[in-house]
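No experiment lies behind these values; they were computed from the predicted model shown. When a ligand or atom number is given, it counts from 1 through the structure's own listing order.
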Amino acid sequence: MAEKLISIDQGTTSSRALLFDNKCNLLNLEQQEHSQFFPADGWVEHDPEEIWKSVYDVTEKLLRRNSIKPKNVASIGITNQRETTLLWDKKTGEVIYPAIVWQDRRTTNYCEDLRKDKSLVLDIQERTGLLIDPYFSGTKIAWILDNVDGARRKAERGDLAFGTIDSFLVWRLTEGRHHKTDATNASRTMLFDINSHCWDSDLLKLLNIPKRILPEVCDCVHEFGETSLFGGKINIGGIAGDQQAALVGQCCFNLGEAKSTYGTGCFLILNTGEEKLTSRNNLLSTIAYRINGKTTYGLEGSIFVAGSAVQWMRDGLKLFNSASETEEISKKRHKNSKVLVVPSFTGLGAPHWDPHARGSIFGITRDTDISDLTAATLESIAFQTIDLIGAMQKDGATFSELRVDGGMVSNNWFSQQLADALNLSVLRPKVIETTALGAAYLASIQANINPDLESLKKLWVCERKFIPQKENIENLKNKYSIWLSAVKRTKGLFS
Ligand code: ADP
């Protein structure tokens, strides 16, 4: 019987395929890393063929090793690194340039030029929910059309297709039969009007991008097509970009519910319901999900450095061998330690904004040791979360709790600090593979295994609730205000 679900999670560093049963319990997974290319300062690329091969391989292995036949699979859900941009030839399927990854900053000057027109900044924010930035796909597409020989001519003839990773995978999985994306991925291109739900002709004109290269934009639950590459037909039934998929995986379906994912960086999305909330504090409005033609919006903020600060302590400073040691080490910090870390390794994001800022450490004394430094680094991620939540509150949002996931939240000390710093209950779910789970949830609705989002809520199980501890709330409040002064001193130092 077709009762299993497969989630394909194509991330920035690896591709994974996960097998779920019809209750959305995780049964097994396969994972394969792929290469990162840095051809010039600020450039980040992926090899599309390597990505495709890794996705095919992990899916094939997952089916084979678990003796699952395509007829046993009810639906495939896809979730993906967002914004990463590909263009391919519609006839041959060949990609014409490496995938330009979301982290890539090559269109910085172009964006700075666009930003000079203040009314354009507001107009683009109103239409797309986004701030003009190289992060989003639009200027990356323009760069490929302008810099790859013959690309523009081909695009104008209708011979090229643009896609984010989800679109590319649907195209390859269905052997070129479908050129589609979902509304969450479309909302990260800076070309999609999130109010009227169509590609924006004015923005396409501004960036000189022919409309005919763009995919059809579908709901997150949709029949995206069938793949026959695994020895039988399997339907692709759900798609969402990784952070939106995590919001679905965390069952944040009500207005005011929010999730924060602490991986390499941190991404916080707040469900703002059927209303789009436009930020005046440098946050992004985005499509959280679109199901049965009904859109739910989100407000999104990100922290550039979260788990990567832990990696820096492990690999750069060699303070410990494994990230998991940070929990025990942090508990040993000196009681009166005043050490503060500003982890702005790659500049300061919202709401401080200084791309030239670099990291700094304050308050070191003769007895400062590894535990003080480790605890202060973890604490700085909690402080940055206060910044984000504060910006959202200024935009009119209210919070009752925060659901968390990602590698860092397995650290109980960090999760407790987070609750204390935010003075908010922090809830860690039983399944912290929320991104892949969200894609499986979407596919399960398409396969009629679950009728709607409402029915998924009962599947969300809290593994541990971190309740703010009175004695630490005041302490962290004071520390946070000193930390803000430290951030101020860091700003402008290197610009
Ligand atoms: P990504 O999906 O971005 O690769 P993950 O969600 O897998 O990230 O989380 C990995 C990150 O979490 C790494 O940066 C790692 O340093 C950090 N991390 C993992 N375990 C812990 C821990 N116990 N305490 C603190 N940080 C951790």
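- Under the side-chain hydrogen bond (donor to acceptor under 3.5 Å, both in side chains) criterion, His34 pairs with Gln10, sequence neighbours left out.
- The side-chain hydrogen bond (donor to acceptor under 3.5 Å, both in side chains) test applied to Thr398 returns no partner, not counting sequence neighbours.
- Figure legend: Arg333 and Trp413 shown without cation-pi pairing, the cationic atom not lying both under 6.0 angstrom from the six-membered ring centre and within 45 degrees of its axis.
- Using a 4.0 Å cut-off between charged side-chain N and carboxylate O, Arg64 and Glu30 make no salt bridge.
- Ligand 1 lies under 4.0 Å from heavy atoms of Gly263, Thr264, Gly307, Ser308, Val310, Gln311, Ala323, Ser324, Thr326, Gly406, Gly407, Met408, Ser410, Asn411.
- Below 30°, between 30° and 60°, or above 60°: for Tyr480 and Trp483 the angle between ring planes is below 30°, a parallel geometry.
- Partners of Val431 according to the side chain to side chain contact (heavy atoms under 4.5 Å, CB included) rule, which considers only residues two or more places apart in sequence or in another chain, are Glu433, Leu437.
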